[in-house]
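Throughout, a chain's letter reflects where its sequence line sits, starting with A, and its residues are numbered from 1.
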Protein chains: 2
Amino acid sequence: MIDVVLADDHPVVRAGLRAVVDGQPDMRVVHETGTAEDLLAWLDGGGRADVVLLDLRFGDAGPGSTRLGGAEATGTVVHRHATPVLVVTTYGTDADILAAVEAGATGYLLKDAPTEELARAIRSAAAGEVILGADVQRRLLGRMRSPGENLSARELEVLRLVAAGRSNDAIARELFVSVATVKSHLAHISTKLGTQSRTEAAATARERGML
Amino acid sequence: MIDVVLADDHPVVRAGLRAVVDGQPDMRVVHETGTAEDLLAWLDGGGRADVVLLDLRFGDAGPGSTRLGGAEATGTVVHRHATPVLVVTTYGTDADILAAVEAGATGYLLKDAPTEELARAIRSAAAGEVILGADVQRRLLGRMRSPGENLSARELEVLRLVAAGRSNDAIARELFVSVATVKSHLAHISTKLGTQSRTEAAATARERGML
DNA sequence: CGCCGCATCGTCCGAAAGGTGGAAAGGGCG
DNA sequence: CGCCCTTTCCACCTTTCGGACGATGCGGCG
């Protein structure tokens, strides 16, 4: 019997995951929670599980929230409790997936995966295997080819303003530097991202979840 | 007894909605589907329902897909079958909500709404009342102030490509028109959106969920 | 029928952005 | 101590954009 913990802040999705798990003869839900804190408290309090199903977008509500994110929760669960974490989320940007995998997630699935694939993934995770959905793997491979993300803090700052639609001049005034500096940063950014223009750089940044 | 139809392309979410509905003594699921076409076919074939729970992001997969979107499906269901549609979706941009409401949706909820609120919304929808979540109402009010979105189909097409980082020249070749036309469209777009540059227009478009 | 919105194209010109090739100052590291 | 990276800045030049006109044809609407 595989003991599963559900960690998702959407009640509906939680109910759906429960329905899938309960529909399998060889697994059951032993705990269900809507916050990362609660999940960790339960595990710290002696809770035992074979697999944790976790929404990566845990606590995504506000920018000022001090709540734990899905990636941090994943890392803590994996390292402190040696429990496999299967990340199940709705939309997956490249950065999301990478963050989950780097945090030690055992698997990554999108919520539109068929229930049968989900059940298989849970069994694999419980057995310690690393499972990534076919589309996820494709994304990761495409992602690896492009070196990306060696951007310095300053460059990222500039890139963010570019993606917000500011002109070089506006960015220069906002960062208290000259236009030449902004252009210089932008040139470096485009080199690192392999883009041809500011707009393309902004689009790429968004696509990779770097904003 | 309230007869409910589930229309969502995420199996997990569908299972969750079913669990919520089945947990209520006064309602039941009479049909469940993952595509808008199937939903319409079922209704056209004589299927009767008191409420349709529908994911707005129906068939959001590819740009080249000929599948029906959630908004179109909503409009068809409401007008052809006089059945209340309760839109339940994960992330709701202003444009999404507006599209749903304009298409005639009876209600709009986010998936992170508590199950009890969802059940209440279903009863309200079945009774013909229009129910919008508190946060949704707040968004709508803020949305009304900005004029926006009188963009023509062609202009939107151009805007999408701009947001994807294409140059005017690339867009012109992609749409089989001259660069002058692209610039003309772009000028109109910036006038309508009140933006000063292509990048700002792209940023605004994203913010308003027009992509 | 005229008017308006839409889509298409054109020219001209100035402004913005991008590319090239520097340079200088500071920090970190072997 | 040199070496590299980051950040800052400069000048020069080319490409691209954006604004300001105008012009055509089409379709809907009163």
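Annotation: side chain of B:D38 is in contact with side chain of B:H31 (closest heavy-atom distance under 4.5 Å). Here the side chains of A:V5 and A:W42 are in contact, with some heavy-atom distance below 4.5 Å. Between B:L175 and B:R154, some side-chain heavy-atom pair lies under the 4.5 Å cut-off.
A 4.0 Å heavy-atom criterion places the boundary nucleotides of DNA chain C facing chain B at C:dC6 to C:dG10, written 5' to 3'.
Taking atom NE2 of A:H188 as the reference point, atom P of D:dC5 lies 11 Å away to the nearest angstrom. For the pair A:I189 CD1 and D:dT7 P, the interatomic distance rounds to 10 Å; values are reported in whole Å. If you take CG of A:L159 and P of D:dT7, they are 13 Å apart, rounded to a whole angstrom.
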Under 4.0 Å protein heavy-atom contacts per nucleotide of nucleotides 14-29 of chain D, with B for base, S for backbone only and - for none: ---SBB----------
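Among the protein residues, B:S152 comes within range of the sugar-phosphate backbone only, with heavy atoms under 4.0 Å from sugar or phosphate atoms but none that close to a base.
Side chain of B:E200 to main chain of B:Q196: a donor-acceptor pair is present (N/O by atom type, distance under 3.5 Å, no hydrogens or angles). No donor-acceptor pair closer than 3.5 Å links the side chain of A:S184 to the backbone N or O of A:A180. Under the 3.5 Å distance criterion, the side-chain polar atoms of A:D3 are left unmatched by any main-chain donor or acceptor of A:D50.
The one candidate from A:L39, A:L86, A:V87 that meets the side chain to side chain contact (heavy atoms under 4.5 Å, CB included) condition with A:V52 is A:L39. No option in B:D8, B:L17, B:L6 other than B:D8 meets the side chain to side chain contact (heavy atoms under 4.5 Å, CB included) test with B:D55.
B:A126 approaches B:I2 most closely through the heavy-atom pair CB-CG2, 3.8 Å. Contact between B:A49 and B:T83 at its shortest, heavy atoms only, is O-CG2, 3.7 Å.
Across the helix from C:dC1-D:dG30 to C:dG30-D:dC1, the helix axis at one end is tilted relative to the axis at the other end by 40° (nearest 10 degrees, each axis from five pairs).
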